[in-house]
Amino acid sequence: MIGKDDVGRRWSIGEVARASGTTVRALRHYDEIGLLSPSERTASGHRRYTEFDVRRLYQVRALRSLGVSLEEIASVLADSTGGLEAMRDLLAEQLRGLEVHAAQVQQLTEQLRGLLGQIDHASMPDPDQFLTTLEMISVFETYFTTEQREQLARRRAELGSETIEAAKTEWAELVEELLRHVEEDTPVEDPRVRSLVARWDALGSRFHAGDGEQTRAAAQRMWNDNSEEIGRSLPWPADRMRDLVRYLERVRQAG
């Protein structure tokens, strides 16, 4: 196993950020909370990441993609040896998730081929076939487990239609206010922005059962992979909404 002090490549924080798709702010936040501290620093105090650190970053990002909170990740990594077996378990879990997704894509592919085949033979598929296909291509079902969908449905029933409509109105108002801050490039440390994001998170939390970490993570993955499609159903341009989501994350990381 390669230890922290072994010789090998070294990366600056900017290089790690660019290569991994992680923001510099997030890497600094990981350092501040002790989740991922670079093993070395230059004489002038600049962070230098080692091979050990890169592997640890992979574990952090992989666990986040599985819906694990930062606090839980810290606990998992503290109990992990960081060796081959721990990395193998993590990769195997990621692979299982990808295989499930791949199976869903394959199933949908075959369904669409069947519909196209019927149309090529001048036969219009019946409504049930279209409904089945619509169900399969539902982004919601792709990203949320059956249990999570049931939890969300129960929570919506508990809240009631009036509460849900009021929440939609409040959310739209928050979007408008936050988009103005995005356009004005208001610093993420600004108390007004932090207050708005706190309201945003509190509003979202009302729709998640329990601590909501798993369903929030699934919703984030759904948005990351399908922002263009989801954005078409919203009254704001998709590129502005993507900017807003990135801005929200910057505010949270700064906290």
For this session: Evaluate the side-chain contact (heavy atoms from CB on, under 4.5 Å) criterion for residues Leu63 and Val76: first the C-alpha distance (whole Å), next the side-chain angles of each, then the deciding distance (0.1 Å), finally the verdict.
Result: CA-CA 9 Å; Leu63 288 167; Val76 169; 4.2 Å; yes
Report all side-chain donor-acceptor pairs from residues 174-183 shorter than 3.5 Å, counting only partners two or more places apart or in another chain.
residue: Glu176; atom: OE2; partner: Trp236; partner atom: NE1; Å: 2.7
residue: His181; atom: ND1; partner: Thr186; partner atom: OG1; Å: 2.9
residue: Glu183; atom: OE2; partner: Arg240; partner atom: NE; Å: 3.3
residue: Glu183; atom: OE2; partner: Arg240; partner atom: NH2; Å: 2.4

Exercise. Does Trp200 reach the side chain of Leu196, with side-chain heavy atoms less than 4.5 Å apart?
Worked result: no
Exercise. Which residues pass the side chain to side chain contact (heavy atoms under 4.5 Å, CB included) test with Ala74, sequence neighbours left out?
Worked result: Leu35
Exercise. Are Thr23 and Glu249 close enough that some pair of their side-chain heavy atoms sits under 4.5 Å apart?
Worked result: no
For this session: With sequence neighbours excluded, give me every salt bridge (charged side-chain N to carboxylate O under 4.0 Å, His left out) pair touching residues 15-28.
Result: Arg25-Glu189
Problem set entry | Spacing of Tyr30 atom OH and Leu70 atom CG [to the nearest 0.5 Å] | 5.5 Å
For this session: Please identify each residue that fulfils side chain to side chain donor-acceptor pair (under 3.5 Å) with Thr22, with sequence neighbours left out.
Result: Ser20, Arg61
Problem set entry | From Leu36, Val60, Asp53, residue fulfilling side-chain contact (heavy atoms from CB on, under 4.5 Å) relative to Leu27 | Leu36
Exercise. When rounded to the nearest 0.5 angstrom, what is the spacing between CG in Asp239 and CG in Leu244?
Worked result: 11.5 Å
Problem set entry | Minimum heavy-atom distance between Tyr247 and Pro187, given as atom pair plus value | OH-O, 4.1 Å
Problem set entry | Closest approach of Ala254 to Val188 (non-hydrogen atoms, all atoms of both residues) | CB-CG2, 3.8 Å
For this session: Determine whether more than 12 heavy atoms belonging to other residues, nucleotides or ligands lie under 6.0 Å from atom CD of Glu162.
Result: no
Exercise. Which residues satisfy the salt bridge (Lys or Arg N to Asp or Glu O under 4.0 Å) test with Asp243, sequence neighbours excluded?
Worked result: Arg246
Problem set entry | Spacing of CD belonging to Glu184 relative to CG belonging to Asp190, to within rounding of 0.5 Å | 10.0 Å
Exercise. Excluding sequence neighbours, so at least two apart, what forms salt bridge (Lys or Arg N to Asp or Glu O under 4.0 Å) with Arg48?
Worked result: none
Exercise. Measuring from Ser39:OG to Phe52:CZ, what's the distance to the nearest 0.5 Å?
Worked result: 6.5 Å
For this session: Would you please name every residue forming a side chain to side chain donor-acceptor pair (under 3.5 Å) with Asp31, sequence neighbours left out?
Result: Ser37, Arg41, Arg47
Using atom types as modelled, flag every donor-acceptor pair under 3.5 Å from a side chain in residues 163-171 to any protein atom, sequence neighbours excluded.
residue: Thr163; atom: OG1; partner: Leu159; partner atom: O; Å: 3.0
residue: Glu165; atom: OE2; partner: Lys168; partner atom: NZ; Å: 3.4
residue: Thr169; atom: OG1; partner: Glu165; partner atom: O; Å: 3.2

Problem set entry | CH2 on Trp11 to CG on Leu57, rounded to 0.5 Å | 11.0 Å
Exercise. Can you find a side-chain donor-acceptor pair between Thr50 and Glu40 that sits under 3.5 Å?
Worked result: no
Exercise. Could you give the distance from CD1 (Ile73) to CZ (Arg64), rounded to the nearest 0.5 Å?
Worked result: 5.5 Å
